[in-house]
Amino acid sequence: MKQLLVVLVLAGVCRGQSRLGTYNVDPAALSVSGLSSGAAFATQFQVAHSEEVMGVGLLAGAPYYCAKGNLMTAVDACMKYPQSINLSNLHLYTQQSVKSGTVDPVCNMASARVFIFSGTKDTVVVPGVVKKLEEYYRAYVAAPGAIATVYDIPAHHGFPTDRYGGACGSPNSDYINNCNYNAAYELLEHIYGGLQKPPTSHVAQGQLTLFDQAEFFKLAPAPTYGMDTAGYVYVPPPCHIGARCRLHIAFHGCLQQRGILADRYAKTTGYNEVADLNNLIILYPQAKKTLTNPNGCWDWWGYSSYAYATKNGYQVTGVHRMIRRVLGTY
Ligand SMILES: *[C@@H]1O[C@H](CO)[C@@H](O)[C@H](O)[C@H]1NC(C)=O
């Protein structure tokens, strides 16, 4: 009887979506990263919660609030025409949001670690847009060397890896590119420093599991906020049994959500192998396609609400609840 119970419990954990767990993580070592719309969202999350987020890794992303709530601005200026981006307006919005308390004071960004990547062959979010993102951060980040930029890899739009994906300089529908460049390691190393780099032969040792996301997004009718009912979490074995670990959140790009790539973004971008050797827990929250968001992008133009780029945004709120769960306060 006892054995049967154990089997049933294990089956419940292995199948389907389990509850996101609480782990022994350092609250002062929280960081986020993303590709494309995921990078724009990572920026929004970091600016909104700069008191809590000490580092960001941004691949092919636009500046904070670049789209200003407008889809046309998102696909035009914020992807292709950097000369049309007026940073003064974005700084103004940032300051107004600080005043209204919907984003944390910008002084918190002074000590942030920022990693920014743009491939020389990226024609989807052109390098000029990414350089505007760098310029945006330079207004707030003080420490010399705190912002690292990589602008010399001949990569097309996608997540650069050192072992998986399509040809580095060509478009491919997964947006994961084999560039002989381990972006996951490089960005995490810039953020944390002193990490062990996994050899290309390293196979991830921990568990990648689905967790129930719906419990974090009971905020409005589901189609409004564009989130899937489940996300992925990667937990290296030592973090499972109580070792002190660090939490990193990785946001996929458009057309890379679970509904399209299943677990490929969470499995092949290279984060998990770095996580193994450095006791990092990686959370991969998942967006979903909806009528107003047909490509399953993270909200960086306002499809979920006008407050999308602040602490009041549905997606920002939901992801923040996930962090609190991992820390044990939600
Ligand atoms: C940029 O925005 C600021 C503030 O709204 C405005 O004063 C300035 O004229 C704008 N610059 C350009 C080139 O449009």
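Here salt bridge (Lys or Arg N to Asp or Glu O under 4.0 Å) pairs that include residues 180-189, with residues two or more places apart or in two chains, are Glu186-Lys197. Residue pairs meeting the salt bridge (Lys or Arg N to Asp or Glu O under 4.0 Å) criterion with at least one partner in residues 56-80, sequence neighbours excluded, are absent.
Under the 4.5 Å side-chain heavy-atom criterion for ILVMFWY residues, no single connected hydrophobic cluster contains both Leu92 and Leu90. Both Met72 and Tyr308 are members of a single hydrophobic cluster when ILVMFWY side chains are connected at heavy-atom separations under 4.5 Å. Hydrophobic clustering (side-chain heavy atoms under 4.5 Å, transitive across Ile, Leu, Val, Met, Phe, Trp, Tyr) keeps Ile282 apart from Ile241. Hydrophobic clustering of Ile, Leu, Val, Met, Phe, Trp and Tyr side chains at less than 4.5 Å, counting indirect connections, unites Val75 with Val126.
Residues Tyr271 and Ser33 form a side-chain contact, since some pair of their non-hydrogen atoms from C-beta on lies under 4.5 Å apart. Inter-residue side-chain proximity for Gln315 and Tyr303 is flagged as met; some heavy-atom pair is nearer than 4.5 Å. When side chains are defined from C-beta on, Tyr225 does not count as touching Asn293, because their heavy atoms never get closer than 4.5 Å. Taking the side chain as every heavy atom from C-beta outward, Leu261 and Thr268 never approach each other to under 4.5 Å. Side-chain contact check for Val56 versus Thr43: every heavy-atom pair is 4.5 Å or farther apart. Residues Leu35 and His252 are not in side-chain contact: their nearest non-hydrogen atoms beyond the backbone lie 4.5 Å or more apart.
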- Is there a side-chain contact (heavy atoms from CB on, under 4.5 Å) between Tyr232 and Gln286 once you walk through the steps? CA-CA 8 Å; Tyr232 294 103; Gln286 299 289 310; 3.8 Å; yes

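Geometric assessment of Arg325 against the ring of Phe216 yields a negative cation-pi assignment under the 6.0 Å and 45° thresholds.
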Tell me which donor-acceptor pairs under 3.5 Å the side chains of residues 111-118 have, and how far apart each pair is, sequence neighbours excluded?
{"from": "Arg113", "atom 1": "NE", "to": "His190", "atom 2": "O", "distance (Å)": "3.1"}
{"from": "Arg113", "atom 1": "NH2", "to": "His190", "atom 2": "O", "distance (Å)": "3.2"}
{"from": "Arg113", "atom 1": "NH2", "to": "His190", "atom 2": "ND1", "distance (Å)": "3.4"}

Donor-acceptor contacts, no H, no angles, side chain residues 143-160, under 3.5 Å, sequence neighbours left out:
{"from": "Tyr151", "atom 1": "OH", "to": "Glu134", "atom 2": "OE1", "distance (Å)": "2.7"}
{"from": "His156", "atom 1": "NE2", "to": "Thr123", "atom 2": "OG1", "distance (Å)": "3.2"}
{"from": "His157", "atom 1": "ND1", "to": "Asp122", "atom 2": "OD1", "distance (Å)": "3.2"}
{"from": "His157", "atom 1": "ND1", "to": "Asp122", "atom 2": "OD2", "distance (Å)": "2.7"}
{"from": "His157", "atom 1": "NE2", "to": "Ser36", "atom 2": "OG", "distance (Å)": "2.8"}

I'd like a table of donor-acceptor pairs (distance under 3.5 Å, sequence neighbours excluded) in which one partner is a side-chain atom from residues 100-109, with atom names and distances.
{"from": "Ser100", "atom 1": "OG", "to": "Gln96", "atom 2": "O", "distance (Å)": "3.3"}
{"from": "Ser100", "atom 1": "OG", "to": "Ser97", "atom 2": "O", "distance (Å)": "3.2"}
{"from": "Ser100", "atom 1": "OG", "to": "Thr102", "atom 2": "OG1", "distance (Å)": "3.2"}
{"from": "Thr102", "atom 1": "OG1", "to": "Ser97", "atom 2": "O", "distance (Å)": "3.3"}
{"from": "Asp104", "atom 1": "OD1", "to": "Lys311", "atom 2": "NZ", "distance (Å)": "2.5"}
{"from": "Asp104", "atom 1": "OD2", "to": "Ser50", "atom 2": "N", "distance (Å)": "3.3"}
{"from": "Asp104", "atom 1": "OD2", "to": "Glu51", "atom 2": "N", "distance (Å)": "3.0"}
{"from": "Asn108", "atom 1": "ND2", "to": "Pro105", "atom 2": "O", "distance (Å)": "2.9"}

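The aromatic rings of Phe45 and His320 lie tilted to each other, with the angle between the two planes from 30° to 60°.
Under the side chain to side chain contact (heavy atoms under 4.5 Å, CB included) criterion, Asp162 pairs with Asn182, Thr200, not counting sequence neighbours.
For the residue pair Tyr65 and Thr94, no side-chain donor N or O sits within less than 3.5 Å of a side-chain acceptor on the partner.
A side chain to side chain donor-acceptor pair (under 3.5 Å) with Asp228 holds for exactly one of Lys288, Gln257, Gln213, Arg258; it is Arg258.
Smallest separation of non-hydrogen atoms from Leu58 and Ala42: CD2-CB, 3.8 Å.
Tyr136 contributes no side-chain N or O that, together with a main-chain N or O of Cys66, makes up a donor-acceptor pair within less than 3.5 Å.
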